[in-house]
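FYI, side chains are in, hydrogens and waters are out, and symmetry mates aren't considered; it's all heavy atoms of this structure. Please read all numbers here as calculations on a predicted model, not as lab measurements. Counting starts at 1 for both ligands and their atoms, in listed order.
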Amino acid sequence: MVLNPVISKLSGKLVVLASSSPRRLEILTNVKHLKTPDIVIGADTIVTIDGLILEKPRDKQDAYRMLSRLSGKEHSVCTGVAIVLYEETEYQTIDFYEETRVKFADLSETMLWDYIDSGEPMDKAGGYGIQALGGMLVEYIHGDFLNVVGFPLNRFCKQLDLLFNPELASNEVVHTDVRSGSAVPPVTSRGPMNLVIEKVHTDDLKRIIELMDGFKASKALFTASKMRVFDLLQKRPGLEGAEVARGLQASLKGTLCLLEACVSLGLLERKQGGVYENSRLSQRFLVSDSPSSLLGYMAHSDETVWKLFSHLETSVREGTNLQAKVSAQTTNDLFQVMYSDDERKLRFMKAMHGIAEVAGPAVITAFDLSRFKTACDLGGCTGSMAHGLAKAYPRMSVTVYDLPSVVELSGTFCPPGLDNRVSFVAGDFFKDRLPKADLYILARILHDWTDDKVHALLSKISDACTPGCGLLVSEIFLDRDRTGPSQGLLQALGLGPGKQRSAGEYGALLESHGFTVSHIAHTDSLLDALLCIKD
Ligand SMILES: C[S@@+](CC[C@H](N)C(=O)[O-])C[C@H]1O[C@@H](n2cnc3c(N)ncnc32)[C@H](O)[C@@H]1O
């Protein structure tokens, strides 16, 4: 096909590219000169692999997750394009998508991080740009190269050809939607230019509103969880709104609003006949008897964290920690504050248990720990991680070490059958002698403490270790430049005296106590992990 005659159909017309992508703008402006307003072209590109859609990475960690998922595999790049053509009082829409298969080479950690640190992945679907540095990640492609860059020019021209030369239309399937101005009067009365909402603006607007409304979504989730909406619908799927209201002993109007909000958030589904069912998400995380239930974490977030965050401004202004703000206690030990109330303590333990059950398996299996025969999980709380370790490593015995008031309640969380290899020891890891072990674990411990306290604890662990002993640290690792992940940076806002750190910062602390970092794993789960060995 000779492209130029087709594309020249656009000259003399003002074409609005409804996309913020500079790459699409470049592809289109290279082939035509834009003048009068008649056509809007919208396009968006996604990358898909193993049934997952990868859009633009939120932050470096997200880019890392995407690129390591793509490493060594073939994936699809799909660009959807919509062309809206205005002619007098009518407009016509054509939409299509183009798919290109791309195979990535096996990427080393260094290559991945060098590429992420170049900053290139951040505004690109799938986290790479094939036209620039990202080209070095690619082994081969099948299909249109420009489609991977962001705009399938060849297919676009074919569609224009069909549009301007309909007599040449082949059997190709084109979705065309012609509407008359009289059918949609408000549209035509405003004129075509008013219809052009730049995608960049709508995306930005959506993002900012989403952030502003974040608290409403959280509170709707907390409330539905607290009122056991998901448990009710798990037991009795397919209830109507009025039946749910009766089951919850709540008002019909309020219940319907809550159910509809939950549908919009993907927590519930409304089926034919207007009945409600749990979505996959709520079946997995919001039902009490699910093994991955996060209801405990939800209650802690609602009852404790939510209240703390209502003091955020004061804490930022005064530099005080949020815990101290609400409790009026002078101690810097947030656990003394947290555990001063039994109900709050149990809620906290349930929260820790829920997260450990969900995120623990990725940490436990991030490295081969089979050479360690005894482990001690310092601050191991309910023993969730310890039971996971004992299950994953059948020759390992694990001691859970935590404060006496925690150990006295941890029995209620124990799964049956494994108790002989998991034991609990009560003590204070800053003051008391640590149990002997080949492997020590600090899961979500160090972020709660200042550097001084971290040094004190690491020094005790180092003294308890013989050469070859391991220490596994699991935390949310911040990116090297502290620009993400936001989950870690938001957690830092609610911390007491503690601090979020990068893997490099943890490594430096550990090395100052005679440990050598052996492996770092950025898991796809909530927590990352670092394994180091005593010199
Ligand atoms: C944030 S939680 C993490 C729990 C668990 N490691 C996990 O990942 O689910 C911190 C734990 O450290 C324990 N802890 C705090 N101070 C302690 C101390 N001085 N000695 C022993 N354990 C302590 C707390 O009781 C709590 O269980």
(request) For atom 2 (S) of ligand 1, find the nearest protein heavy atom and state the residue, atom name and distance (0.1 Å precision). (result) Met352 SD, 3.6 Å

(request) Examine the proximity of ligand 1 to Val406 and report which part, side chain or backbone, both or neither, has a heavy atom under 4.0 Å away. (result) side chain

(request) Could you see which bit of Ile355 sits under 4.0 Å from ligand 1, with heavy atoms only: side chain, backbone, both or neither? (result) neither

(request) Check ligand 1 against Cys381 and write out every atom of the ligand that is under 4.0 Å from a heavy-atom position of the residue. (result) 4 (C), 27 (O)

(message) Working note: Asp62 + Lys56, criterion salt bridge (charged side-chain N to carboxylate O under 4.0 Å, His left out); need CA distance, chi angles, decisive distance, verdict.
(response) CA-CA 9 Å; Asp62 206 24; Lys56 292 173 186 164; over 6 Å; no

(request) Indicate whether the side chain of His353 and that of Thr382 have a donor and an acceptor atom separated by less than 3.5 Å. (result) yes

(request) Could you tell me how the ring of His387 sits relative to the ring of Phe424: parallel (under 30°), tilted (30 to 60°) or perpendicular (over 60°)? (result) tilted

(request) Report yes if some N/O of Trp449 lies less than 3.5 Å from some N/O of ligand 1; otherwise report no. (result) no

(request) Please state which part of Asp448 comes within less than 4.0 Å of ligand 1, counting heavy atoms only: side chain, backbone, both or neither. (result) side chain

(request) Could you label the plane-to-plane angle of the His519 and Phe367 rings as parallel, tilted or perpendicular, counting under 30° as parallel and over 60° as perpendicular? (result) tilted

(message) Could you tell me, atom by atom, which parts of ligand 1 come under 4.0 Å of a heavy atom of Ile445?
(response) 10 (C), 11 (C), 12 (O)

(message) Any donor-acceptor pair under 3.5 Å linking the side-chain atoms of Gln234 with those of Asn278?
(response) yes

(message) List ligand 1 atoms under 4.0 Å from Ala443, heavy atoms only on the residue side.
(response) 3 (C), 5 (C), 6 (N), 7 (C), 8 (O)

(request) Name the orientation class of the two ring planes belonging to Phe430 and Trp449 (parallel below 30°, tilted from 30 to 60°, perpendicular beyond 60°). (result) perpendicular

(message) Using a 4.0 Å cut-off to any heavy atom of Gly427, which atoms of ligand 1 qualify?
(response) 20 (N), 21 (C)

(message) Counting only heavy atoms from other residues, nucleotides and ligands, does the tally under 6.0 Å from NZ of Lys219 exceed 12?
(response) yes

(message) So, taking the atom named CZ in Phe104 and the one named OG in Ser68, what distance separates them when rounded to the nearest 0.5 Å?
(response) 10.5 Å

(message) So if I apply the side-chain contact (heavy atoms from CB on, under 4.5 Å) rule between Leu478 and each of Asp59, Asp528, Leu489, which one comes out positive?
(response) Leu489

(request) Record the part of Ala356 in heavy-atom contact with ligand 1 below 4.0 Å; permitted values are side chain, backbone, both and neither. (result) side chain

(message) Taking distance alone, with N or O pairs closer than 3.5 Å, would you say Asp402 contacts ligand 1?
(response) yes

(message) How far is atom 15 (C) of ligand 1 from the closest protein heavy atom, and which atom is that?
(response) Phe335 CD1, 3.4 Å

(message) Suppose we measure from atom 9 (O) of ligand 1 to each protein heavy atom; which comes out shortest, and what is that distance?
(response) Arg444 NH2, 2.6 Å

(request) Mark up the atoms of ligand 1 that fall under 4.0 Å of a heavy atom belonging to Tyr339, in ascending order. (result) 24 (C), 25 (O), 26 (C), 27 (O)

(request) Considering only non-hydrogen protein atoms, determine which one is nearest to atom 11 (C) of ligand 1 and report residue, atom name and distance to 0.1 Å. (result) Gly379 O, 3.5 Å

(message) I need the contact type for Phe429 against ligand 1. Using non-hydrogen atoms and a strict under-4.0 Å cut-off, is it side chain, backbone, both or neither?
(response) both

(request) Go through ligand 1 atom by atom and flag the ones less than 4.0 Å from a non-hydrogen atom of Phe430. (result) 19 (N)

(message) Pair Tyr128, Tyr115 - check ring pair (Phe, Tyr, Trp, His ring centres under 6.0 Å), show working.
(response) CA-CA 9 Å; Tyr128 72 98; Tyr115 181 56; 7.8 Å; no

(message) If we count only N and O atoms by modelled type, under 3.5 Å, do the side chains of Ser370 and Asp368 hold a donor and an acceptor together?
(response) yes

(request) Anything under 30° is parallel, anything over 60° is perpendicular, the rest tilted; go ahead and classify Tyr401 against Phe429. (result) parallel

(message) Within ligand 1, which atoms have a heavy atom of Asp428 less than 4.0 Å away?
(response) 18 (C), 19 (N), 20 (N)

(message) Yes or no: does Ser474 have any heavy atom under 4.0 Å from an atom of ligand 1?
(response) no

